[in-house]
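Structure first, then comments.
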Amino acid sequence: MSAPALEAYFLVGPTAVGKSSVAQWIAEHHDYDILSADSMVVYRGMGIGTAKPGVAERARVRFSGLDLTPPDKAFSAWDYRQQALEALAASAAQGRRTLIVGGSGLYIKSLTDGLAPGAGASPEIRQHWTGIVKAEGVEPLQKALRDQNPALYESLADKQNPRRLIRALEQAASGCAPRSATWKEARSAASVPLVGLTMPAAELRVRVESRVAAMYRAGLVDEVRRLLNDYPNLSETARQAIGYAEAMDLIHGRCSRDEAMARTVTRTLQLAKRQKTWFRGQARVEWVEIGPGMEIADVAKRVLEHGRHYGPTKIAE
């Protein structure tokens with residue numbers, strides 16, 4: 001007898017909008033497990049700069065999707081999906097509900113839409129395109145991906161990012177995405193929209209500035225020093241992570257503390273804009289706008305109302 005289909009609730013949206021706080025409230029008050037769908041919190045040793053849940057939060061809620069790999073190893077959406085499915089199955093076996101929380105679109109997609117067999121990383125393809133990037137820039141990658149898989153190309157939030165282009169070319173070679181439709185079109189008939197959080201740009205900027213300042217007060221620079229000492233050969237993804245790249249520049253004397261913080265704010269806001277654009281263009285999302293004076297509990301209750309109305313989303317096999 002086959003195992004029952006997996007299902008979960010989703011909470012998506014741009015970085016710094018407050019997803020983690022809302023999810024924590026829901027999990028604590030309504031007994032959910034939380035599965036992170038964030039491509040940075042998978043790395044061990046990277047806690048402060050990724051706003052990873054702390055010891056106190058983890059003591060009150062069962063988390064998965066955190067600390068899955070050392071930061072000197074490559075980690076793909078395929079790797080994430082395999083570990084996420086294991087976590088979802090474990091929760092389901094105990095009769096528990098899971099809330100999947102994050103802003104990494106490809107991680108979300110890997111669960112709602114699936115990835116084809118063979119969609120794991122290809123060292124040969126990666127080496128080939130990495131050499132082309134170094135010699136010619138990103139344009140040949142963009143053209144190749146448009147030719148091979150236009151839908152996958154259009155789904156990219158940042159079409160100038162060589163790492164994402166190379167990863168997409170790996171996926172295109174494995175046939176892991178439809179050629180004739182975007183994810184939004186493929187999911188347009190889905191009965192359950194995801195729920196997302198959003199807020200006005202001015203308020204988000206204030207939140208990001210406050211978060212970056214808090215990270216520096218909490219010891220981000222010391223965390224990066226330890227990271228560089230423990231992992232001399234950081235993966236490119238970890239090395240370029242928002243906050244970490246700027247702290248490394250500060251450590252190596254390439255910028256001042258104020259400049260590092262300002263660049264981190266700018267990059268975070270740029271990421272938030274790309275994430276919001278990606279979700280609006282590539283997914284079916286019902287948005288909850290966080291207005292002035294709304295408390296975490298107020299937002300959480302609206303997210304719960306969405307879940308009660310639509311029920312959980314089926315996880316793609």
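A quick note: this is a predicted structure, and the numbers were derived from the prediction, not measured. Sequence positions, counted from 1, serve as the residue numbers for this chain.
- Counting only N and O atoms by type, the side chains of Asp33 and Ser91 include a donor and acceptor under 3.5 Å apart.
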Atom pairs and distances, side-chain donor-acceptor, residues 8-23, under 3.5 Å, sequence neighbours left out:
| unit_1 | atom_1 | unit_2 | atom_2 | d |
| --- | --- | --- | --- | --- |
| Thr15 | OG1 | Arg211 | NH1 | 3.2 |
| Lys19 | NZ | Gly13 | O | 3.2 |
| Lys19 | NZ | Pro14 | O | 2.8 |

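- The environment of CZ in Arg267 is crowded: more than 12 heavy-atom neighbours from other residues, nucleotides or ligands sit within 6.0 Å.
- Judged by distance alone, the side chain of Thr50 and the main-chain N or O of Met46 form a donor-acceptor pair under 3.5 Å.
- Classification of Asp222 and Arg226 as a salt-bridged pair fails, no side-chain N sitting under 4.0 Å from a carboxylate O.
- One N or O on the side chain of His29 and one on the backbone of Trp25 form a donor-acceptor pair closer than 3.5 Å.
- Residue Thr313 holds its OG1 atom at 8.0 Å from CD1 of Ile100, rounded to the nearest 0.5 Å.
- Side-chain atoms of His306 come within 3.5 Å of backbone atoms of Pro193 as a donor-acceptor pair (strictly under, hydrogens ignored).
- Under the 30°/60° scheme for interplanar angles, the aromatic rings of Trp287 and Phe279 are found to stand perpendicular.
- Judged purely by distance below 3.5 Å, without hydrogens or angles, the side chains of Thr198 and Lys276 pair a donor atom with an acceptor atom.
- Judged purely by distance below 3.5 Å, without hydrogens or angles, the side chains of Gln94 and Arg62 pair a donor atom with an acceptor atom.
- Among residues at least two apart or in separate chains, salt bridge (Lys or Arg N to Asp or Glu O under 4.0 Å) pairs with a member in residues 41-57 are Lys52-Asp67.
- Using a cutoff of 4.0 Å between basic side-chain nitrogens and carboxylate oxygens, Arg263 and Glu246 are not scored as salt-bridged.
- No donor-acceptor pair closer than 3.5 Å links the side chain of Arg205 to the backbone N or O of Val265.
- A donor-acceptor contact shorter than 3.5 Å is absent between the side chain of Glu286 and the backbone of Val195.
- Looking only at atom types and distance, the side chain of Gln82 has no donor-acceptor partner in the side chain of Glu86 under 3.5 Å away.
- The closest donor-acceptor contact from the side chain of Glu223 to the backbone of Gly47 lies under 3.5 Å.
- Counting heavy atoms from C-beta outward, Leu304 and Tyr32 have side chains that approach closer than 4.5 Å.
- Heavy-atom contacts from other residues, nucleotides or ligands closer than 6.0 Å to NZ of Lys73 number 12 or fewer.
- Judged by distance alone, the side chain of Ser76 and the main-chain N or O of Trp78 form a donor-acceptor pair under 3.5 Å.
- Between the side chain of Glu236 and the backbone N or O of Arg163, no donor-acceptor pair lies under 3.5 Å.
- Judged by distance alone, with hydrogens and angles left aside, the side-chain atoms of Asp298 form a donor-acceptor pair with the main-chain N or O of Glu295 at under 3.5 Å.
- Between the Thr268 side chain and the Val208 main chain, no donor and acceptor come within less than 3.5 Å of each other.
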